[in-house]
J.: 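For reference, the structure I am asking about is given below.
Each ligand, and each atom within it, is numbered from 1 in the order the structure gives.
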Amino acid sequence: MLQPLKILFRTNWMSRSYSSYVSRMRYLNRIKEDDEVCQTALQSGDIFLFHKLAPLLQQTGSGIYQFPALQAEDVKGILENLGEDKEMMKDSVLINCTKQNKAQFCLDVGSIEQSAVENLCGGTFIDLRKAFFLLREPEAPLASRGQALLRWHQTNVFCSSTGQPTHRNQSGSQRVCLSSGITYYPKMSPVVITLVSDGKRCLLGRQATFPQGMYSALAGFCDMGETMEETLCREIAEEVGLEVESIRYSGSQHWPFPQSSLMVACHATVNPDNTQIRLDTMELEDARWFSLEEVQEALKIKTPPRKNEGQPTVFWVPPNHAIANRLIQEWANQLQP
Ligand SMILES: NC(=O)C1=CN([C@@H]2O[C@H](COP(=O)(O)OP(=O)(O)OC[C@H]3O[C@@H](n4cnc5c(N)ncnc54)[C@H](OP(=O)(O)O)[C@@H]3O)[C@@H](O)[C@H]2O)C=CC1
Ligand SMILES: [Mg+2]
């Protein structure tokens, strides 16, 4: 029996019985695409403050760092209190949406005197390179996503084709040049990060810029037109002179340093009869095969070890905020007897 027309074309997407995740993603997309929906969401959203790309952190009594979500009214009060135009709120950029369907925005108040804002908020603006490791999940990735979006807007003010100013939409999900018609979207650079194994050992490398003693999985940016697999094989051949035999995907991560990368993490194996490392000293300072025992010891080290005079340098690996740590942990777990 045909349903009456109105039910078939009901447009109130929020009342449909979608899973809460689906309705949240659809709501987030509406905020992204529709300026009016975004302006409404901004009035009742969570606002995360930055100052010249440094996120505002607050420390609890027990010393834990938090990434405070201010309410729109609070932020307007702060702006008014400091004699600033409340219209600055419109510079907020949409980051995400909470499970309670609350929109999350970031706002850079870098034009205002830093300590004046810190005093009113009871917090401190801390450079992301430090803040990222002071925060825990899910605040660290939220802060790096907000910073990456704000930095993208600050570095894409002009059209790269006409030099004319670009104009953002309310959510900040894009910028458009009205004379060339080009639409710009926030970008991440794809990077493949690989844990190479010969079945018994794993291969880790270090750049001269790494902290002393720290070795990590090998990583490399994708060249234009490459598949992930091609990047992986090329980078391992380039950096340590080995040929990969098999590849297994592990996971991915947005990595904000130095620019926004999308880290695609994989395990790879090489022929155990051909494990001779031929190091590209232009790229890496060192690369070595490590045993399970050495890696298990390194995984126990949670903070950068002190270098004591006359003592051998201690081998350690990136902290668990970095996806390299996940790859190394996965490898150790699968080898563990
Ligand atoms: N989250 C994690 O666990 C880890 C993250 N990383 C990150 O992975 C990224 C890549 O690692 P890395 O070994 O340095 O990469 P590569 O091995 O590709 O070497 C870096 C070189 O790539 C070129 N390059 C820089 N930026 C880009 C870009 N956006 N697109 C294409 N090529 C680029 C530069 O070459 P040129 O100088 O010739 O221009 C640079 O010297 C780094 O940003 C690093 O921070 C690395 C290890 C662990
Ligand atoms: Mg590399």
J.: Counting neighbours of CD on Q334 that are heavy atoms of other residues, nucleotides or ligands and sit closer than 6.0 Å, is the number greater than 12?
T.: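 Count over threshold, so yes.
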J.: Going through the checks in order, is the side chain to side chain donor-acceptor pair (under 3.5 Å) test met by Q336 and Q296?
T.: CA-CA 9 Å; Q336 215 133 292; Q296 286 171 325; 2.8 Å; yes
J.: For atom 33 (C) of ligand 1, what is the nearest protein heavy atom, given as residue, atom name and distance?
T.: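 Heavy-atom neighbour on the protein nearest atom 33 (C) of ligand 1: F221 CD1, 3.3 Å.
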J.: L94 and L149: side-chain contact (heavy atoms from CB on, under 4.5 Å), yes or no, with the steps?
T.: CA-CA 9 Å; L94 176 68; L149 284 163; over 6 Å; no
J.: Measure across V244 and V270 and return the closest heavy-atom pair with its distance rounded to 0.1 Å.
T.: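 Shortest heavy-atom separation between V244 and V270 comes out as CA-CG1, 4.2 Å.
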J.: With respect to atom 17 (O) of ligand 1, which of M224, E239, Q207, R234 exhibits the smallest heavy-atom separation?
T.: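 Among M224, E239, Q207, R234, the closest heavy atom to atom 17 (O) of ligand 1 belongs to E239.
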J.: List every atom of ligand 1 that sits less than 4.0 Å from any heavy atom of Q253, numbering the atoms from 1 in the order shown and giving each element.
T.: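 So the atoms of ligand 1 that pass are 1 (N).
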J.: Please determine whether side-chain contact (heavy atoms from CB on, under 4.5 Å) holds for the pair L53 and Q154, giving the CA-CA distance in whole Å, both sets of side-chain angles, and the decisive distance to 0.1 Å.
T.: CA-CA 10 Å; L53 299 179; Q154 292 173 16; 3.7 Å; yes
J.: Which atom names give the shortest non-hydrogen contact between N101 and Y27, and what distance separates them?
T.: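 Reported closest heavy-atom pair: O-CE2, 3.3 Å.
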J.: For ligand 1, is any non-hydrogen atom under 4.0 Å from I193's backbone (N, CA, C, O), its side chain (CB onward), both, or neither?
T.: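 It is the side chain that gets close, since no backbone atom is under 4.0 Å.
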J.: Does the plane of the ring in W255 sit parallel, tilted or perpendicular to the ring in F132? Use 30° and 60° as the thresholds.
T.: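 Answer is perpendicular, since the angle exceeds 60°.
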J.: Quick check against the 3.5 Å criterion: does D35 have a side-chain atom that pairs as donor or acceptor with the backbone of Q170?
T.: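 Present.
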J.: Distance to 0.1 Å, residue and atom name: give those for the protein heavy atom nearest to atom 2 (C) of ligand 1.
T.: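 Checking every protein heavy atom, the shortest distance to atom 2 (C) of ligand 1 gives A322 CB, 3.8 Å.
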J.: Have a look at ligand 1 and work out which part of S216, if any, has a heavy atom under 4.0 Å from it: side chain, backbone, both or neither.
T.: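 The answer is the side chain.
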J.: When you compare ligand 1 with M263, is there at least one nitrogen or oxygen pair between them that comes in under 3.5 angstrom?
T.: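 It does not: no N or O of M263 is found under 3.5 Å from an N or O of ligand 1.
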J.: Considering heavy atoms of the protein only, find what lies nearest to atom 3 (O) of ligand 1 and give residue, atom and distance to 0.1 Å.
T.: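 Here the nearest protein heavy atom works out to A324 N, 3.0 Å.
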J.: Applying side chain to side chain donor-acceptor pair (under 3.5 Å), which residue pairs with at least one partner in residues 129-144 are found, sequence neighbours left out?
T.: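 For residues 129-144, and leaving out neighbouring residues, there are no side chain to side chain donor-acceptor pair (under 3.5 Å) pairs at all.
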J.: At less than 2.8 Å, how many protein N/O/S atoms surround the Mg ion (ligand 2)? Leave waters out.
T.: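 N, O or S atoms of the protein closer than 2.8 Å: 2.
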J.: For F257, which part has a heavy atom under 4.0 Å from ligand 1: side chain, backbone, both, or neither?
T.: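 The part of F257 near ligand 1 is the backbone, not the side chain.
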J.: Under 4.0 angstrom from ligand 1, any heavy atom of Q259?
T.: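 Not so, Q259 does not reach ligand 1.
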